[in-house]
Amino acid sequence: MAALLELDHVAKAFGTVVVADELSYTLAAGEILGVVGPNGAGKTSMLNLITGSLQPDRGRILLDGRDITAMPVHARARAGIGRTHQVPHPFGGMTVFENVLIGASFAGQRTGADPRTATVAALERTGLLAHANTPAGALTLLDRKRLELARALASGPRLLLLDEIAGGLAEHEVQALIEIIRALRGEGLGIVWIEHIVQALVSVVDRLMATNYGRKLAEGAPKTVMASPEVQSVYLGQGIRA
Amino acid sequence: MSTTSATAVPPFRVESATPASRAAAVVGLLLLAVLATAPAWGGSGFMKLLIEFFTLLALAQMWNLLAGYAGLVSIGQQAFVGLGAYGLFVGTDRLGLHPLLAIPVLAAVIALIALATSLFAFRLHGGYFAIGTWVIAEVFRILVSGAKEVGAGNGVTIQGAAFLGPQGRLALTYWLALGVGFGSVILVAWIMRSRLGLALRALRDSEAGAESLGIDVFRTKLAVYLIASVGCAVAGAIIYLSLLRIQPNAAFSVDWTARMIFIVIIGGLGRIEGPIVGALVFIGLRETLADFGSLYLVILGVVAIGLTLLAPRGLWGLFVARFPMVSFGAQPRLVMGAQTPGGAGPPPGTTPTEVA
């Protein structure tokens with residue numbers, strides 16, 4: 001069976017700045033891949049390549065073995081790719097309920113579920129039910145991050161791309177988030193999770209990938225990857241080990 | 001946060017009407033019923049004024065849909081006013097159709113023309129789109145000015161409605177104007193409660209966010225462009241059923257779009273109430289300042305500049321900011337808990353319309 005997601009020698013550069021350097025990996029359904037790397041390592045660009053808001057210079061991206069490299073953003077969303085943005089993109093003039101309803105009505109039409117039921121389920125799951133009729137523009141940063149997740153979940157994705165969703169959250173909030181992400185894995189979603197909070201990532205991901213300048217430095221079991229000298233020097237800086 | 005299964009959902013219902021919107025619907029229908037009888041009691045001056053008001057209201061609603069909701073700032077909607085005018089002439093005088101039949105036929109043909117012009121216009125964005133739509137309108141004006149079949153630069157006079165008699169034609173035109181005026185408001189209200197409206201309001205706030213949630217931005221905007229173009233064509237046909245004399249320089253004049261923009265900007269961009277308020281103000285100013293000659297245009301300009309500086313959300317925006325409880329908005333509200341005594345069964349709601 002084909003992997004849920006496959007990147008096949010994906011390359012992308014903006015002039016001399018390389019954000020993806022012959023990047024290849026696969027992700028299975030029910031698997032969580034954590035991605036770490038310093039700022040500017042090309043992590044968000046990698047998600048943009050998967051969602052289609054960036055086009056690669058070379059290489060292919062496959063969903064369920066099907067080449068989606070030429071597919072526009074909205075079609076990939078309808079094919080089951082959900083994502084949360086590092087900087088939330090709420091529809092500020094619409095209520096939280098409407099924001100989530102959009103995910104359920106458009107990207108979620110593939111699932112055949114009633115959009116309003118899917119919306120209420122996603123709101124309940126992310127703890128936003130009490131804010132359903134609040135204008136999204138009036139939410140706190142934490143609730144905007146929840147809203148990003150709720151919108152993606154309401155679309156019933158098969159592949160979920162999380163871009164620093166735990167950044168800025170308090171410890172107990174991170175724990176609650178991890179519970180949700182574990183449950184989603186149990187439901188068979190494939191998840192790519194970019195995060196700077198390595199501790200949170202290591203506790204839940206099946207595999208960890210470290211990147212820098214769009215290049216894969218190491219990939220494998222989280223502890224092994226974090227312990228590798230190359231990752232330690234790039235990600236944590238040199239000369240800090242006693 | 002909880003991790004309950006996604007299928008177990010507590011009971012809920014969605015309400016999309018407010019007391020104000022229900023009251024507005026009732027008042028609107030009563031007003032429509034009263035106004036529909038005007039040919040029996042109103043003078044021809046009164047009816048002509050209302051014909052102008054309701055056709056301008058329809059044009060402004062269409063421009064508001066384009067610019068206020070879809071972000072498509074067009075200054076070329078006069079293309080469709082002119083096409084509607086000439087479409088009416090061809091339908092009634094050349095094909096011998098009754099005006100009531102000519103209008104749906106011209107609407108269908110102009111929908112296809114709009115689809116063709118969209119191929120050019122939609123290659124452009126922002127200010128380039130605005131200028132591009134104007135260029136398209138000029139192309140139509142020049143083409144029609146050179147066509148001997150429709151009177152070339154001198155234009156034509158519609159005679160195919162003469163069989164109705166002066167009173168009969170005035171009454172028919174009046175009812176059509178009433179229909180297109182109320183129809184444009186109902187159409188926009190319905191769109192905003194539909195799936196298309198949900199998509200429009202989303203991409204107004206964030207195109208990137210809308211795309212990543214599966215909204216086809218291109219097809220959503222195209223749908224609005226086609227609706228607005230056909231709406232302007234129908235309104236244009238009714239305007240010229242009243243005026244009868246069609247000249248290319250007047251029918252394809254950018255003045256039509258300037259009026260639409262003036263009405264929408266002073267009333268309130270991106271609000272269904274905006275064009276209603278704006279058209280009332282426009283007609284009111286024109287009636288009171290008719291004797292001032294060209295000074296009237298200067299006053300209109302000063303009003304427009306003053307309002308955009310002092311009330312950037314238009315007069316209706318100013319009013320709503322002062323009285324927020326008067327909301328006719330289409331925003332649905334989620335209400336949790338078991339059904340109310342009145343509403344058993346599944347929650348009532350809008351029927352989503354297929355867009356893309």
Side-chain angles (χ1 to χ4, degrees), chain A residues 51-53 72-78 81-83 85 88-99 101-103 105-110 114-127 129 132-133 135-137 146 151-156 173 176-177 179-180 182-183 187, chain B residues 1-16 68-69 192-220 270-271 324 329-337 346-356:
Chain A
T51 61
S53 49
V73 177
H74 68 89
R76 294 192 202 193
R78 290 178 185 193
I81 299 180
R83 76 94 56 95
H85 294 88
H89 283 273
F91 306 122
M94 307 175 82
T95 65
V96 167
F97 173 73
E98 289 178 295
N99 267 265
L101 186 63
I102 286 165
S105 306
F106 291 91
Q109 63 187 15
R110 166 185 53 84
D114 172 43
R116 286 172 301 171
T117 308
T119 299
V120 173
L123 287 173
E124 193 189 26
R125 192 164 198 174
T126 52
L129 214 41
N133 297 316
R146 285 178 170 157
R151 296 200 305 190
L153 291 184
S155 72
E173 290 159 352
L177 188 67
E179 287 309 308
I180 292 179
R182 280 214 176 95
E187 291 164 24
Chain B
M1 295 190 186
S2 71
T3 55
T4 48
S5 158
T7 49
V9 172
F12 69 92
R13 64 199 154 83
V14 180
E15 291 177 350
S16 58
Y69 290 109
M192 294 327 290
R193 282 170 162 76
S194 75
R195 212 172 112 91
L196 174 59
L198 197 63
L200 277 175
R201 291 171 52 223
L203 66 89
R204 184 169 58 168
D205 283 349
S206 165
E207 281 198 19
E211 267 187 327
S212 72
L213 292 173
I215 292 175
D216 188 336
V217 174
F218 175 81
R219 285 182 67 166
T220 303
R271 299 168 177 277
Q331 292 209 324
R333 287 183 61 80
L334 179 67
V335 182
M336 299 307 297
T350 53
T351 309
T353 322
E354 194 60 37
V355 181

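Just so it is clear, the values below take in all heavy atoms, side chains as well, and ignore hydrogens, waters and symmetry mates. We name chains A, B, ... by the order of the sequence lines, and we start the count at 1 in each one.
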- Are the side chain of A/Glu98 and the backbone N or O of A/Thr95 linked by a donor-acceptor pair below 3.5 Å?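 The answer is yes, because a donor-acceptor pair under 3.5 Å joins these two groups.
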- Donor-acceptor contact present, side-chain A/Arg110 to main-chain A/Gly156, <3.5 Å: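 Looks like yes, one N/O pair under 3.5 Å.
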- Message: Distance check, rounded to the nearest 0.5 Å: B/Leu334 atom CG versus A/Leu123 atom CG?
- Response: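 Interatomic distance, B/Leu334 CG to A/Leu123 CG, rounded to 0.5 Å: 7.0 Å.
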- Can B/Arg195 be said to sit on top of A/Phe106's aromatic six-ring, NZ or CZ under 6.0 Å from centre and within 45° of the ring axis?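 Yes; both conditions hold, so B/Arg195 lies above the ring face of A/Phe106.
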- Query: Among A/Gly137, A/Ala107, A/Pro90, A/Ser155, who wins on heavy-atom pairs under 4.5 Å with chain B?
  - Reply: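 Among the listed options, the one with the most contacts to chain B is A/Ala107.
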- chain B contact via A/Leu153 - which portion, at a heavy-atom distance below 4.5 Å: neither
- Item | Contact class of A/Ser105 relative to chain B, heavy atoms under 4.5 angstrom |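 Backbone plus side chain of A/Ser105, per the 4.5 Å heavy-atom cut-off to chain B.
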